[in-house]
Amino acid sequence: MPPAEMPKTYSPGEIEPRVYARWEAAGYFAANPPQGAGTAPPSRAAESHYCIVIPPPNVTGTLHMGHAFQDTIMDALTRTHRMRGERTLWQPGTDHAGIATQMVVERQLEAEGIRRKQLTREAFVERVWAWKEQSGGTIGRQMRRLGASVDWSRERFTMDAGLSRAVIEAFVRLYERGLIYRGKRLVNWDPKLLTALSDLEVLSSEEQGSLWHLRYPLVPASGGSEPTQTADAASSEYLVVATTRPETMLGDTAVAVNPKDERYRALIGRSVRLPLTGRDIPIIADDYVDPAFGSGCVKITPAHDFNDYAIGRRHNLPLINVFTPDAHLNEQTPEALRGLPRFTARERIIEQLAAQGLIERIEPHKLMIPRGDRSGEIIEPYLTDQWYVSIAELAVPAIAAVEDGRVRFVPENWSKTYFQWMHNIQDWCISRQLWWGHRIPAWYDDAGNIYVARGAQEAAAQARARHGRDVPLRQDDDVLDTWFSAGLWPFSTLGWPDATPELASFYPTDVLVTGFDIIFFWVARMIMMGLAFMDEVPFRTVYIHGLIRDAEGQKMSKSKGNVIDPIDVIDGIGLPALLAKRTSGLMQPHLAAGIERATRKQFPNGMPAHGTDALRFTFAQLATQSRDLRFDLARVEANRNFCNKLWNVARYALGALEATQGPAPRALGAAGAGAGPTELSVADRWIRSRLGVTIRAVDEALAEYRFDFAATALYEFTWNELCAWYVEIVKPALRAEADVAGRAGARATLGTVLETLLRLLHPLMPFITEEIWLRLAPQIGVTGETIMLAPWPRASDFPRDLAAEQQIGWVRGIIEGVRQIKGEMDIPLMRRVPLLLSSASREDLAQLQQHEGMLAQLAVLSEIRVLSQGEAHPPSAAALVRELTLLVPMAGLIEPASELARLEKLVQRNRQELARARAKLGNQEFVNNAPGEVVAQERARLADFEHREAGLARQMQQVRVLAQQSEPADRRGGGGGATRPATEGAP
RNA sequence: GGGUGCUUAGCUCAGCUGGUAGAGCGUCGCCUUUACACGGCGAAUGUCACAGGUUCGAGUCCUGUAGCACCCACCA
């Protein structure tokens, strides 16, 4: 429980951990509410459910800005639905992240001077588990700091026993359906990690290379000398092939030309002698060859190039693999080259070919180089045995699900990206030659027969059935792609393959919140797997958010040294610590100096603390539909100020409520009905009406996943309506000496509005709202042990009151008019001035009578006097509110010259508007074609501008006269004194 | 080669179904006003990338151009 009295300063660092610990201990996050926590009224015990599964972060990693952003969105959604009374589950967990995690542990071992292969597989995996245990708590701690209301009791890990069982089950079922197969074909091979990768894990980027034009000598035509009919190429003694990878020439098994290419037609069927090997390889014809590129002859290396592989299959070419797994030349290559790493071999081969005069030319060439996304190593197409998911059959229903709207992308555009990929989807290589991960549930006997089974026993049984006796079996060494288990996440975490109550309640989940970077890796696969195993989509909505970048729009990365840790934004961090964090453990240590310089420049004093709520609110504001989101600390600072504002208005409110409440606090109901007379003032009615509008705006924004809109609506209401106007207006009414009924109304309104606002803010700013609410609620008779389980505000409780809005609008217009005069004339706001009103309508008079006190108070006026028609008035500065003219006598306050300048500006601006309105209404087609409403509105505007024009002209006239009079005085007096025709002393 | 975005105030960005260009930060001026100086009041600033088109009317719709991003793809 928070201290009874609100501390004067807002200290998120003290509040947030304490509040979270209480929530967690009380079990408020649980999807199955603990006994006794039932603060919900009976009507809220609805049967509706809401579920989000977290995109599981790497178990041994730490959360970065993107996670924090994503978690904020998911938490906001979760909290909103929980407050709506739905049974809500935000499912937490982590991913084993096969390659990434294995690499980290390998690096740790290296630091100890141990290589992975020196350990047994069991020992290594043991090591990884130990590391997981050691570092696995980090994410949990971070998420708690962020306020994430996940059901910790249901936390899952992709390698938990239960989830591992799901993985095996899924594999076996797909295999039994014939959708998983094992095959020897070219895969993307990482020669450093020594594993296959899926297409998605290979990133191609343009790099500078060369195009080598090699001469392959022609083998003389056998069986005597048919004269070569055409073409110089045919009559020369060699063919020229162009390649970007000369080292693969050792594995060439053909040279291809286009069948329509006249230059080479006669050579089709003949052979060339492959240099350095002495092998003769055929010249074949294939449409694939583009005659316009290079020489029009392509060397074909089926074992080392995806295209060549396809051509090889078409032409039944042999495959000659020339590489070892780590991309050194193997025993298929000439002895002199054997054992060389691929790029050394390249140089050596070029040298040798050059020595033999077999290099036609070398030209610079830009090409796409494929690299492994983890290792950065250049990927080799490599011939190996791997497991594949035959994807086409799974893709069809997954495409249909998005087409017919069972899964909806938000923003909708991303469905195009999804379709594009799904329509061109390739079989998915799911085996990895790693040790960390789900071992493939396949066994082999000595004859090489495969038994896919749910366990060794089942495999043995299969083998027995086949052979009629027990045979020794060996399990496949490979593990599954991390994304295979991730694809099952929405149902494996809920207990699948068992039919658990959770699965029944929460599947399909409601929304997946994720970044566009993993639409293919994860989103698409979850949809396919969900449909395959659950016969139902895994989620109804996919909310795709942008990528958090730094203030300069750069992607945050360790090597750039521009990473901002969300926890540092929350807690603050000194410069030395920040520098240490950014410059330690760099893969390229030489970058440290530059990073240090940039960091010192951007954060000369480190980062101050901002608190979680400020950070979360910033994330909400940032959640536009843009795909790049720049994170700027200045915005967090602004939002910390916002928190501070909220804190202080709450302090005021609590003080005011207590001071006016008397000794028996609990008597009043939330609406203030109860003992004694209660009267709602216009201001009370106005703020209630505005609150209703705000609730509606927030509801709509959340329904559309426009967290930026929700944040804006909340910010504006809180700061610009509640704090700036309502509280200022009702201060007098809340004083002890004020009228009892009015005071009761103001108290009830202030209490209710603030309490409701806290609930409305809670999903985005959970901590500060709880901290205040726990103090405020009892003051106004609201019960409940936490705001988390308090009901979500209903707009219908605060119906629109247009009359009140209109009246407050009138008041604000006048106050702003006076403030404008004071502001521009550098008159302190608190200096009391008289206000004269001219051309007041009956309506104005009525309003005035009702709101005179409010005007005097907020515009800080000494008196308000209505001028009768034609009544003379002292020279004054003027402001116009529609037809009403506000006059502040200038005497002793305002220089005629500055007032004249001010009026001049107003005239200018008005003139432009006037001209525009006149032109519009002068256009007959506008009047004829535009809707009547629009025309009428335009007419009203025009009238308004005309009034202003006239009023301003009158004022200018009067002040101009005065200015002329005062000019000599100015010169004499050297500044201070305007002439004052009537009264008062100098300033 | 295909595809998708973006281009609005000094900076970062909103602007939904076309009808008076907005916010935050920054800038300038004034203000100790008993909730808040992490504050209050006021002010300045925009050929809405460019060129056409549709329309009475375009930041908003259509076409094209330019620049900048990103994604997918096997051109040796």
Side-chain angles (χ1 to χ4, degrees), chain A residues 6 8-10 199 204 211-212 241-245 256 288-290 292-301 305-311 365 367-368 381 411 413-414 416-417 420-421 424 516-517 519-520 547 551 553 608 610 614 618 621-622 624-632 634-635 637-656 700 704 706 708-709 712 715-716 723-724 727-728 731 815-816 819-831 860 902 905 913 916-917 920 923-931 933-935 937-938 941:
Chain A
M6 274 185 80
K8 197 163 165 139
T9 50
Y10 161 60
D199 297 344
S204 291
L211 193 58
W212 285 271
V241 298
T243 180
T244 54
R245 301 217 45 200
Y288 163 76
V289 179
D290 175 4
F293 189 91
S295 62
C297 301
V298 186
K299 66 191 262 315
I300 302 299
T301 324
D305 182 281
F306 289 103
N307 290 313
D308 294 4
Y309 181 77
I311 292 174
H365 183 75
L367 72 164
M368 297 298 277
N413 246 334
W414 287 107
K416 287 189 194 168
T417 305
Q420 205 202 340
W421 189 70
N424 298 297
F516 55 83
D517 49 334
I519 289 178
F520 308 146
L547 190 73
H610 298 89
T618 306
Q621 290 174 328
L622 225 45
T624 65
Q625 303 213 332
S626 179
R627 62 174 64 174
D628 297 321
L629 311 173
R630 295 196 193 200
F631 183 84
D632 191 340
R635 291 187 83 150
E637 201 180 318
N639 291 327
R640 188 214 38 205
N641 296 352
F642 178 59
C643 291
N644 190 246
K645 191 76 179 174
L646 183 65
W647 183 260
N648 278 295
V649 77
R651 273 179 58 222
Y652 166 78
L654 281 169
E700 281 168 17
E704 293 163 26
R706 288 305 302 258
D708 55 333
F709 288 178
T712 302
Y715 189 96
E716 298 227 308
C723 292
V727 167
E728 294 306 324
K731 272 178 182 171
I815 293 167
E816 278 163 351
R819 282 177 180 175
Q820 190 176 41
I821 292 171
K822 285 185 173 181
E824 292 207 23
M825 294 302 143
D826 287 351
I827 299 167
L829 184 67
M830 292 321 279
R831 168 138 187 188
V860 197
R902 197 179 68 86
K905 266 191 305 188
E913 297 290 340
R916 212 193 288 181
K920 215 167 185 179
N923 181 353
Q924 205 49 44
E925 296 195 275
F926 170 72
V927 179
N928 292 341
N929 294 319
E933 196 185 324
V934 174
V935 177
Q937 193 190 337
E938 199 61 29
R941 292 186 67 216

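Because the structure is a prediction, the values reported are computed rather than measured. Chain letters run A, B, ... following the sequence lines, proteins first and then strands; every chain starts at 1.
One can place NZ of A/Lys416 at 20 Å from P of B/rC70, the figure rounded to the nearest angstrom. In this structure, A/Lys920 places its NZ atom 15 Å from P of B/rG18, rounding to the nearest Å. Distance CZ (A/Phe642) to C1' (B/rA35): 15 Å, rounded to an integer number of Å. A straight line from OH of A/Tyr10 to P of B/rG39 spans 14 Å, rounded to a whole angstrom. Nucleotide B/rG15 holds its C1' atom 16 Å from the CD atom of A/Gln621, rounded to whole Å. The separation between A/Glu704 atom CD and B/rG15 atom C1' is 14 Å, rounded to whole Å. If you measure from atom CZ of A/Arg916 to atom C1' of B/rG57, you get 12 Å, rounded to the nearest angstrom. Protein atom OH of A/Tyr652 is 8 Å distant from nucleotide atom C1' of B/rA35, rounded to whole Å.
Residue A/Met830 comes nearest to A/Val860 through the heavy atom pair O-CG1, 3.4 Å, listed as atom of the first residue, atom of the second, then distance. The minimum heavy-atom distance between A/Val927 and A/Val935, with the atom names listed, is O-CG2, 4.0 Å. Taking all atoms of both residues into account, the shortest heavy-atom contact from A/Tyr652 to A/Lys731 is OH-CG, 3.2 Å. Across every non-hydrogen atom of A/Lys645 and A/Cys723, the tightest pair is CE-CB, 3.7 Å. In terms of heavy-atom proximity, A/Leu654 sits nearest to A/Met6 at CD1-SD, 3.2 Å. Taking all atoms of both residues into account, the shortest heavy-atom contact from A/Glu824 to A/Lys905 is OE1-NZ, 3.8 Å.
For the pair A/Phe709 and A/Asn929, nearest-nucleotide mapping onto RNA chain B gives the more 5' position to A/Phe709. Nucleotides of RNA chain B nearest to A/Ser626 and A/Arg651 differ in position, and the one nearer the 5' end is that of A/Ser626.
Using a 4.0 Å heavy-atom cutoff across all strands shown, A/Asn923 reaches sugar-phosphate atoms only and no base atom. Using a 4.0 Å heavy-atom criterion, one finds that A/Cys723 contacts the bases of the nucleic acid, with or without backbone contacts as well. Counting any heavy atom pair closer than 4.0 Å across all strands shown, A/Asn639 reaches no nucleic acid atom.
The side chain of A/Thr624 places an N or O atom within less than 4.0 Å of a non-bridging phosphate oxygen (OP1 or OP2) of B/rA14. Contact check, A/Lys731 against B/rU34: no side-chain N or O comes under 4.0 Å of OP1 or OP2. Residue A/Lys8 places at least one side-chain N or O closer than 4.0 Å to OP1 or OP2 of B/rC36.
Not one N or O on the side chain of A/Asn644 forms a donor-acceptor pair closer than 3.5 Å with the backbone of A/Arg640. At least one donor-acceptor pair closer than 3.5 Å links the side chain of A/Lys822 to the backbone N or O of A/Leu829.
Between the side chain of A/Glu728 and the base of B/rA35, at least one donor-acceptor pair of N or O atoms lies under 3.5 Å. Scanning atom types as modelled, no donor and acceptor separated by under 3.5 angstrom connect the side chain of A/Arg630 and the base of B/rU12. Between the side chain of A/Lys822 and the base of B/rC41, no donor-acceptor pair of N or O atoms lies under 3.5 Å. For A/Lys905 against B/rA44, no side-chain N or O and base N or O form a donor-acceptor pair under 3.5 Å.
Remark: the A/Thr624 side chain and the A/Asp708 side chain contain no N/O donor-acceptor pair separated by less than 3.5 Å. Side-chain contact, A/Gln621 with A/Asn639: a donor N or O sits under 3.5 Å from an acceptor N or O.
Of all nucleotides listed (B/rU20, B/rC56, B/rG39), B/rG39 comes nearest to the side chain of A/Lys645. Across B/rC38, B/rU20, B/rU33, the shortest atom-to-atom separation from the side chain of A/Asn644 is found for B/rC38. Relative to the side chain of A/Val649, the nucleotides B/rA35, B/rU20, B/rG19 differ in distance, and B/rA35 lies closest.
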Base versus backbone protein contacts along nucleotides 24-29 of chain B [heavy-atom cut-off under 4.0 Å; B, S, -]: S----S
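In this structure, CG in A/Asn648 is found 11.5 Å from OH in A/Tyr10, a value given to the nearest 0.5 Å. The distance from the CG atom of A/Leu367 to the CZ atom of A/Arg245 is 9.5 Å, given to the nearest 0.5 Å. Atom CD1 of A/Ile300 is separated from atom CG of A/Asp305 by 8.0 Å, given to the nearest 0.5 angstrom.
Stem list for RNA chain B (at least 3 consecutive Watson-Crick or G-U pairs, distances under 3.5 Å): B:1-7 with B:66-72, B:10-13 with B:22-25, B:27-31 with B:39-43, B:49-53 with B:61-65.
Rounded to whole Å, the P atom of B/rG15 lies 28 Å from the corresponding atom of B/rC56. Taking atom P on both B/rA14 and B/rU32, the two are 40 Å apart, rounded to the nearest angstrom.
A salt bridge is defined here as a Lys NZ or Arg NE, NH1 or NH2 lying under 4.0 Å from an Asp or Glu carboxylate O, and A/Arg819 with A/Glu816 fails to meet this definition.
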For nucleotides 71-76 of chain B, give me every protein contact, N/O to N/O, under 3.5 Å, one pair per line with atom names.
| unit_1 | atom_1 | unit_2 | atom_2 | d |
| --- | --- | --- | --- | --- |
| B/rC74 | O2' | A/Asn307 | ND2 | 2.5 |
| B/rC74 | N1 | A/Asn307 | OD1 | 3.0 |
| B/rC74 | O2 | A/Asn307 | OD1 | 2.5 |
| B/rC74 | O2 | A/Asn307 | ND2 | 3.3 |
| B/rC75 | N3 | A/Asp290 | OD2 | 3.2 |
| B/rA76 | O2' | A/Ala242 | O | 2.7 |
| B/rA76 | N6 | A/Asp290 | O | 2.4 |
| B/rA76 | N6 | A/Phe293 | O | 2.8 |
| B/rA76 | N1 | A/Asp290 | N | 3.1 |

